[in-house]
Amino acid sequence: MEITVPHAWPSTPQEAEAIQNALRGQVDASGSVTPRTVAGLDVSYAGDGGGVHARVAAAAVVLDAGTLDVVEESVAVGTSDFPYVPGLFAFRELPTLIEALRGLSTTPDLLVCDGYGLAHPRRFGLACHLGIITGLPAIGVAKTAFVGTHEQPGARRGDGSPLLLDGAEVGRVLRTQDGVKPVFVSVGHRVGLDEACRLALALAPRYRLPETTRRADRLSRDRLAAS
DNA sequence: GCGACAG
DNA sequence: ATCTTGTCGC
């Protein structure tokens with residue numbers, strides 16, 4: 001698919017924050033989607049992934065939203081030239097993720113990102129970046145807590161509790177399987193939170209994480225090991 | 001002031 | 001994220 005990045009790549013944390021502050025107003029946190037295809041995105045790192053020039057592999061795996069069968073896969077290898085800073089995480093993975101998306105011959109109807117969207121210090125996490133850059137509906141499904149407060153959701157699949165930040169619900173702590181640790185769902189772009197949770201649940205019929213994320217994780221890891 | 005902190 | 005043994009459970 002074609003992608004044009006609407007800004008320069010930052011070389012300092014200050015520039016990165018300025019980009020997020022400038023783009024945050026463009027997020028559309030409403031809407032519903034009935035995707036035919038869904039792309040899962042993930043990045044793997046070689047060695048101590050904390051380094052600034054670590055080798056990385058980014059994967060984009062497109063699944064049929066109904067059957068969860070793989071429709072297309074794309075991987076890109078590169079380096080992460082921006083350090084890992086909580087809140088600026090997107091700048092570390094975006095360049096390679098975008099290359100992976102460009103490698104797709106089809107345009108997916110939804111992006112499922114490994115991380116946060118609006119549940120972010122400046123309300124503009126990785127899922128928002130990818131949503132705005134591509135113009136596509138996007139959601140974030142994170143594995144661990146980052147910002148906000150929340151109560152423990154019920155123990156059953158589908159149970160959830162609001163993720164609150166400054167009195168606003170910026171995401172939801174969602175149980176995707178009975179008795180397993182919940183995931184953190186937040187809006188990236190052009191999808192409401194209820195819809196984002198519904199989609200995340202539908203994409204995780206058997207395991208804790210969405211099939212999209214699991215597929216992208218495995219593909220990026222394998223590709224990195226083979227390079 | 002001191003920690004905590006998506007991947 | 002990645003580095004890692006053994007262990008519990010389906």
Side-chain angles (χ1 to χ4, degrees), chain A residues 13 16-17 19-20 23-24 27 40-61 75-100 111-131 138-150 155 157 163-166 170-174 176-189 193 196 200 205-210 212-227:
Chain A
E17 290 183 12
I19 290 171
Q20 293 183 332
L23 294 178
R24 58 183 293 182
V27 172
L41 305 168
D42 193 28
V43 177
S44 291
Y45 295 75
D48 183 352
V52 176
H53 290 141
R55 277 189 330 116
V56 301
V61 179
V75 203
V77 293
T79 56
S80 60
D81 297 320
F82 200 90
Y84 170 67
V85 179
L88 300 179
F89 166 64
F91 295 99
R92 188 165 171 70
E93 301 201 333
L94 273 177
T96 319
L97 279 174
I98 289 170
E99 282 312 303
L111 302 180
V112 178
C113 309
D114 193 19
Y116 285 90
L118 291 177
H120 175 277
R122 278 169 300 282
R123 304 293 211 282
F124 205 82
L126 175 65
C128 296
H129 276 277
L130 283 163
I139 68 174
V141 180
K143 299 181 287 296
T144 63
F146 180 33
V147 293
T149 60
H150 65 87
R157 166 178 161 87
L163 180 58
L164 301 172
L165 184 59
D166 297 324
V170 295
R172 199 164 292 154
V173 185
L174 179 68
T176 54
Q177 298 297 329
D178 292 356
V180 304
K181 190 170 174 267
V183 297
F184 299 77
V185 178
S186 57
V187 169
H189 190 44
L193 183 55
R206 167 106 206 262
Y207 299 102
R208 177 190 177 225
L209 296 178
T212 38
T213 301
R214 301 183 72 245
R215 291 279 188 176
D217 177 74
R218 197 203 305 178
L219 178 57
S220 63
R221 196 178 315 242
D222 290 350
R223 181 66 178 78
L224 192 61
S227 64

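Every heavy atom of this structure was used, including side-chain atoms; hydrogens, water molecules and symmetry mates were not. It should be emphasised that the depicted structure is a prediction, and the values quoted were computed from it without experimental measurement. Labels below follow one simple rule: chain letters A, B, ... track the order of the sequence lines, proteins then strands, and each chain is numbered from 1.
By the 5.5 Å and 30° criteria, A:Phe146 is stacked with the base of B:dA6. By the criterion of a centre-to-centre distance under 5.5 Å and near-parallel planes under 30°, the ring of A:Tyr45 forms no stack with the base of B:dG7.
Rounded to a whole Å, the CG atom of A:Asp42 is 15 Å from the P atom of B:dA6. Computed from coordinates, the A:Arg92 CZ to C:dA1 P distance equals 12 Å when rounded to whole Å. The interatomic distance linking A:Phe82 (CZ) with B:dG7 (P) rounds to 18 Å, in whole Å. Put simply, NE2 on A:His150 is 14 Å from C1' on B:dA4, counting in whole angstrom units. At whole-Å resolution of the value, CG in A:Leu41 and C1' in B:dA6 are 15 Å apart. Computed from coordinates, the A:Phe91 CZ to C:dA1 C1' distance equals 19 Å when rounded to whole Å. Rounded to a whole Å, the CZ atom of A:Phe89 is 17 Å from the C1' atom of B:dA4. Regarding A:Arg122, its CZ atom lies at a distance of 17 Å from the P atom of B:dC5, rounded to whole Å.
Residue A:Thr96 holds its OG1 atom at 8.0 Å from CG of A:Asp81, rounded to the nearest 0.5 Å. With rounding to the nearest 0.5 angstrom, the CG atom of A:Leu209 is 14.0 Å from the CZ atom of A:Arg215. The CZ atom of A:Arg214 lies 13.0 Å from the CG atom of A:Asp114; values are rounded to the nearest 0.5 Å. Rounded to the nearest 0.5 angstrom, A:Asp42 CG and A:Leu97 CG are separated by 8.0 Å.
When heavy atoms are screened at a 4.0 angstrom cut-off, A:Ala145 is found touching the sugar-phosphate backbone but no base atom. Using a 4.0 Å heavy-atom criterion, one finds that A:Arg221 contacts the sugar-phosphate atoms exclusively. Counting any heavy atom pair closer than 4.0 Å across all strands shown, A:Gly140 reaches no nucleic acid atom. Using a 4.0 Å heavy-atom distance criterion, A:Leu224 is classed as making no nucleic acid contact.
One finds a salt bridge joining A:Asp217 and A:Arg221 here, because a Lys/Arg side-chain nitrogen approaches an Asp/Glu carboxylate oxygen to under 4.0 Å.
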Quiz item: Given Watson-Crick or G-U pairs with both distances under 3.5 Å, what dot-bracket string fits DNA chain B, with | for other-strand pairs and [ ] for crossing?
Solution: .......
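Among B:dC5, C:dT2, B:dG7, the nucleotide with an atom closest to any side-chain atom of A:Lys143 is B:dG7.
OP1 or OP2 of B:dG7 sits under 4.0 Å from a side-chain N or O of A:Thr144.
Looking at A:Tyr116, A:Phe89, A:Phe184 one by one, the single match for ring-ring contact (aromatic ring centres under 6.0 Å, His included) with A:Phe146 turns out to be A:Tyr116.
For the 3.5 Å distance criterion, the side chains of A:Tyr84 and A:Glu93 fail to qualify, holding no donor opposite an acceptor.
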